[in-house]
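Remarks on the structure that follows.
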Amino acid sequence: MAKILIFNNDSNRMETYYRGEVERMPYNNNRTLTVKEFRGSSKSSTLWTTKRTMQSWNTTRYLYGAPIPVGFAFKRPWERRTWIPKPTLRRSCF
């Protein structure tokens, strides 16, 4: 069970939802995005987004016309580092 916080831009308020992993995200049309897909590999029990983001997802998904893989799209910046950083050369300019 995930706690989902959604900022509603129309009413200027935060809304709280509790959903299971296989249920659809709030403000999502035709079940095109489930909580599990939105969470990805994040281990957080609290997820957050905005109503406009979900509406944009609905529009994008409708225009694209096919399933969109989302395993990487909604991760936090510190969760998506799956690569090993390469050292860069630094030159001192005096």
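Starting from 1, each residue takes its place in the sequence as its number.
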Inset, instruction - Look up atom OG1 in T59 and atom CE in M54, then write down how far apart they are to the nearest 0.5 Å. - result: 11.5 Å
Inset, instruction - For R39 and S44, indicate whether the former's side chain and the latter's backbone hold a donor-acceptor pair under 3.5 Å. - result: yes
Legend entry - M14-Y18 co-clustered via ILVMFWY side chain contacts under 4.5 Å: no
Inset, instruction - Only counting residues at least two apart or in another chain, list the ones meeting salt bridge (charged side-chain N to carboxylate O under 4.0 Å, His left out) with K51. - result: D10
Inset, instruction - To the nearest 0.5 Å, tell me how far I4 CD1 sits from W48 CH2. - result: 13.5 Å
Legend entry - CG-CZ distance between N9 and R52, expressed to the nearest 0.5 angstrom: 4.0 Å
Inset, instruction - Look only at the side chain of N58 and the backbone of N29, and say whether a donor-acceptor pair between them is shorter than 3.5 Å. - result: yes
Legend entry - T49 OG1 to Y27 OH distance, which is reported to the nearest 0.5 Å: 11.5 Å
Inset, instruction - Given side-chain contact (heavy atoms from CB on, under 4.5 Å), test R31 with V22 step by step and report yes or no. - result: CA-CA 10 Å; R31 196 182 157 104; V22 294; 4.1 Å; yes
Inset, instruction - Nearest 0.5 Å please: distance from the NZ atom of K3 over to the CZ atom of R19. - result: 15.0 Å
Legend entry - Partner set under side chain to side chain contact (heavy atoms under 4.5 Å, CB included) for Y62, not counting sequence neighbours: none
Inset, instruction - Would you indicate whether the side-chain heavy atoms of Y17 and L5 approach each other to under 4.5 Å? - result: no
Legend entry - Partners meeting salt bridge (charged side-chain N to carboxylate O under 4.0 Å, His left out) with E15 (sequence neighbours left out): none
Inset, instruction - Taking all heavy atoms of A2 and all of L47, pick out the closest pair and write down the distance. - result: CB-CD1, 4.3 Å
Legend entry - Y64 with M25, same ILVMFWY side-chain cluster at under 4.5 Å: yes
Inset, instruction - Look at the side chain of R24 and the backbone N and O of N28, then say whether any donor-acceptor pair between them is shorter than 3.5 Å. - result: yes
